[in-house]
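Written out below as C-alpha cells is the structure these notes cover.
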Amino acid sequence: MDLNLTTQPRVRRERPKVVTLSEAAAERVREIMGKAEKPYAGLRVGVKNGGCAGQEYVLEYAEAAGPLDEVVEDKGVTILVEPKAVLFLVGTVIDYDVSRLAAKFVFRNPNETDACGCGESVTIEPAKPD
C-alpha cells in the first residue's frame with residue numbers, strides 16, 4: 001500500500017484591510033502628498049493617549065515603513081498603521097469632511113465607545129476576535 005502524504009499549500013483568503021479611505025479622503029491625501037516638500041512612503045495613522053476622552057487619532061507623513069507597521073494600499077494611497085493602533089482601528093473608514101467652517105479628516109471607527117464634545121478625542125475599545 002503506497003500512501004502519498006504530500007500536502008498541498010493552503011490557500012489563504014485575503015485579509016480585510018485594517019483601515020480604508022473614502023474617495024474624498026484618498027483624493028485629499030494624494031493632493032497633500034503631491035505638494036509635500038519631499039517624497040514620503042505614505043500616511044502614518046495611529047492612536048495616542050490624550051484629550052478629555054482618553055485617546056486621539058494621529059496622522060502624519062511617514063518617511064519609511066516601520067518594521068511592524070501594517071501596510072495598507074487603498075485608492076492609490078499607502079497607509080502605514082502603527083502596530084499598537086491596529087486593534088483600535090480595525091474596520092475604520094477615514095473620510096474627509098468639508099463644511100462652511102472647517103475641512104478635516106474624520107474617523108468612522110466602529111470601535112469607538114465615546115467622544116468628547118469638541119470632537120478632538122475619543123474612547124476606543126480594541127477590536128475583539130470573532
Applying the side chain to side chain contact (heavy atoms under 4.5 Å, CB included) test to Val18, which of Thr92, Leu87, Leu89 qualifies?
Leu89
Quick one: does Arg44's side chain have a donor or acceptor within less than 3.5 Å of a partner on Ala64's backbone?
yes
Taking the side chain from Lys75 and the backbone from Ser22, do they hold a donor-acceptor pair closer than 3.5 Å?
no
Which pair of heavy atoms, one from Ala65 and one from Ala41, lies closest together, and at what distance?
N-CB, 4.4 Å
Is any NZ, NE, NH1 or NH2 atom of the basic residue among Arg30 and Glu27 found under 4.0 Å from an Asp or Glu carboxylate oxygen of the other?
no
How about Lys38 and Tyr61: do any of their side-chain heavy atoms sit closer than 4.5 Å?
no
Test item: Tyr40 and Glu63 side chains (from C-beta on) under 4.5 Å apart, heavy atoms
yes
Contact between Val19 and Phe107 at the side-chain level, heavy atoms closer than 4.5 Å - yes or no?
no
Do any N or O atoms from the side chain of Asp74 and from the backbone of Ile79 form a donor-acceptor pair under 3.5 angstrom?
no
Asn111 side chain to Val90 backbone, donor-acceptor under 3.5 Å
yes
Min side-chain heavy-atom separation Val45-Leu59 under 4.5 Å:
yes
Among Glu82, Gln55, Lys84, Glu56, which residue meets the side chain to side chain contact (heavy atoms under 4.5 Å, CB included) test with Val47?
Gln55
